[in-house]
Amino acid sequence: MPIDINELREYKNGDPAKWRKYMQQRFKPAHFVDEVIAADEKWRDATNAIDDLNRQANALQKQIAPKKKAGEDCAELVASMKASQKEAKEIKATLPQLEEERDSLLNRIGNLVDPEVPISNDEDEDNLVVALYPLPVEAEGEGEGDGEGEGEGQGEAEGQAKAEGAKKGLLPCPLGVLQYTLPPTKPLTHDDLLWRIDGYEPTRGQNVAGHRAYFLKNAGVMLNQALINYGIAFLSKKGYDILQPPYMMNKDVMAKLAQLEDFDEQLYKVSGKTDDPSGSTEKYLIATSEQPICGYHAKDWINPNSLPLRYGGISTCFRKEAGSSGKDIRGIFRVHQFEKIEQFCLTVDDFQESQKEQKRMLASAEEFYQSLGFPYRVVCIVSGELNDAAVKKYDLEAWFPGQQTYRELVSCSNCTDYQARGVGTRCGIKKTGKSGGEDGLAARASYVHMLNSTLCATGRGICCLLENYQTEDGVKVPDVLVPFMGGVDFLPFKRGPMELTKGEKGKNKKKGGKK
């Protein structure tokens, strides 16, 4: 899923210097661009050599024909023609390898970087806070009316959140600089709460499926299904087409969409036929419905007038979490299997249009969590943490009062045409370049822009709900979820605190022994 190779070809009005800058902003080697250019020149030299040899052979053929007709000796010409044809054939045989080497290098080039993105490699200090909900006390009475009209084209929720954080000088602000009064804290964390309401069985799950496995139970199942069904209703009301995709993808399709490191750190491989040494029937479990929905319009040529297209993906997701050893061991915040409702949208090949769509998707996510009553902040992620496809990524981080910290619930990314190129989803012809002379307008295939945003990963949603709605004797159900809970509005505690594991008891002993 690379960028357009013509972006690096100066003779096609490309600008390699711009892409070196983007690589530097992503904290990746800028010389990757030069390696692509060098490989492309080898490929182009080979194609030019083939063209020259073919022209030579054709010119010789034109000389040979009349000589043969006149009965003249043309053996030398025939030999030269065959030599040219042979050499052209030999060079042509090298083209696939040269093209593969160039494209492999091209795949290392990330997308452009949106101007709003903070250029940094330090999330903790430089992630840019762009919204806070609810209004912090530092902004009370100030910034009123600053957000008037901002909901237009972006959604009411985003305009409201921006208005609430619009005290002059407060937002936007880097995370390491921003100071404000945090939302209130509460005593219990989500893992303990889920256990007390008889909502899950972690030990029994681990006995069956190993580390990070669990059984949801009773109230846990009800909350999970309520969030799924509320998410479906929420997106349906906004005109989204709801899709439940395949949970497995063919290896060749996944390779067009996932970064190389994802295969090692995130994706589970499913073996195909036992008599398949080449691995051609291998499949991978999806880590998000974004992946199969990317392929939903593979090789389609979409009428621009039918865009944007908006999909709500509902799926179980599977992730190795290989890089998260030791993190979030208790509870269901970070697990190998979970359900997720995803927003996935396609727009015309216009950066301004996809920027607007990203704002609209973010506003929908904010509206969803405001309806649930979760305090949150929205941050624009630093350039060094963007994946290759994303030009800009917003995270919505909700407040967990038991853990007394913000945790990510939503990731909202604009990937422009990066993914669409991988699966060949087009939407028309785009003209680029300078007018006049040899550098005249060049028509290029136009690919749709693809955007994705979490609406709700239900496990994390449950965790946040439990911490925010805990009481002394149970957990209140948010009003908006009650209809999806069969009218249940309160989940009482049914058992005491969960016992510590042997490992946790051992750690506590070690801490207690220190002086």
Side-chain angles (χ1 to χ4, degrees), residues 188-236 242-245 247 285-289 312-319 321 328-342 368-369 371-374 398 400 402 407 409-410 454-471 473-499:
L188 301 179
T189 56
H190 56 81
D191 53 299
D192 193 11
L193 290 160
L194 189 56
W195 173 263
R196 292 187 188 211
I197 64 172
D198 195 27
Y200 86 136
E201 293 288 346
T203 303
R204 296 182 189 279
Q206 290 161 17
N207 291 340
V208 171
H211 187 52
R212 298 189 188 275
Y214 59 96
F215 281 93
L216 280 182
K217 180 183 178 186
N218 297 329
V221 176
M222 292 176 67
L223 286 171
N224 195 58
Q225 294 303 317
L227 284 170
I228 292 171
N229 290 328
Y230 175 48
I232 291 172
F234 182 88
L235 291 181
S236 295
I242 306 301
L243 297 177
Q244 187 168 4
Y247 293 174
L285 294 175
I286 64 172
T288 166
S289 62
I314 316 298
S315 73
T316 302
C317 305
F318 306 88
R319 297 187 184 182
E321 296 289 357
D328 301 300
I329 298 300
R330 294 175 68 96
I332 60 170
F333 186 87
R334 191 184 301 276
V335 289
H336 296 310
Q337 174 188 321
F338 58 94
E339 279 68 53
K340 183 154 73 86
I341 304 102
E342 182 85 2
F368 183 81
Y369 288 102
S371 74
L372 288 168
F374 294 0
F400 281 61
R407 306 298 303 272
L409 295 190
V410 171
T454 319
L455 183 71
C456 181
T458 58
R460 294 191 174 196
I462 290 170
C463 293
C464 192
L465 184 157
L466 294 173
E467 292 200 13
N468 278 282
Y469 282 88
Q470 61 179 290
T471 67
D473 52 0
V475 177
K476 186 181 180 299
V477 176
D479 292 343
V480 75
L481 285 188
V482 171
F484 301 94
M485 292 281 290
V488 174
D489 61 3
F490 188 75
L491 303 170
F493 291 149
K494 294 189 175 182
R495 51 189 177 184
M498 188 176 179
E499 290 187 13

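What you are looking at is a predicted structure, and each value in this text was computed from that prediction instead of being measured.
- Applying the side-chain hydrogen bond (donor to acceptor under 3.5 Å, both in side chains) test to E342 and every residue at least two apart in sequence or in another chain returns K340.
- Using a 4.5 Å heavy-atom threshold, the side chains of F215 and V208 count as touching.
- Annotation: cation-pi geometry satisfied between R196 and F493 (NZ/CZ under 6.0 angstrom from ring centroid, within 45° of ring axis).
- In this structure, Q470 and L188 approach most closely via the heavy-atom pair NE2-O, 2.9 Å.
- Here the side chains of I314 and I232 are in contact, with some heavy-atom distance below 4.5 Å.
- Residues Y214 and R212 share a closest heavy-atom pair of CD2-O, 3.7 Å.
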Subject >> D473 and K476: CA distance, side-chain angles, deciding distance, salt bridge (Lys or Arg N to Asp or Glu O under 4.0 Å) verdict >> reply: CA-CA 10 Å; D473 52 0; K476 186 181 180 299; over 6 Å; no

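- Contact of the L194 side chain with the I332 side chain is registered, since non-hydrogen atoms from C-beta on lie closer than 4.5 Å.
- Between H190 and F400 there is a side-chain heavy-atom pair separated by less than 4.5 Å.
- Rounding to the nearest 0.5 angstrom, the gap separating the CZ atom in F338 from the OG atom in S315 is 8.0 Å.
- Using cut-offs of 30° and 60° on the angle between ring planes, the pair Y230 and F484 is tilted.
- The two residues L227 and G461 make their nearest non-hydrogen contact at CD1-C, 4.0 Å.
- Between the N229 side chain and the Q225 main chain, a donor and an acceptor come within less than 3.5 Å of each other.
- When atom types are taken as modelled, the side chain of W195 and the backbone of G496 share a donor-acceptor pair closer than 3.5 angstrom.
- Contact annotation: the side chain of H336 never approaches that of F318 to less than 4.5 Å [non-hydrogen atoms, C-beta and beyond].
- Residues meeting the side chain to side chain contact (heavy atoms under 4.5 Å, CB included) test with D191, sequence neighbours left out: T189, Y200, R330.
- Shown here are the ring-ring contact (aromatic ring centres under 6.0 Å, His included) partners of Y369, two or more places apart in sequence or in another chain: F374.
- Here CD1 of I462 is found 12.5 Å from CZ of F333. Values are rounded to the nearest 0.5 Å.
- Put simply, the side chain of V475 does not reach to within 4.5 Å of the side chain of F490, judged on heavy atoms.
- Considering only heavy atoms from C-beta on, P492 stays 4.5 Å or farther from I197 through its side chain.
- You'll find the side chain of R334 reaches within 4.5 Å of the side chain of R460, heavy atoms only.
- When atom types are taken as modelled, the side chain of T458 and the backbone of E339 share a donor-acceptor pair closer than 3.5 angstrom.
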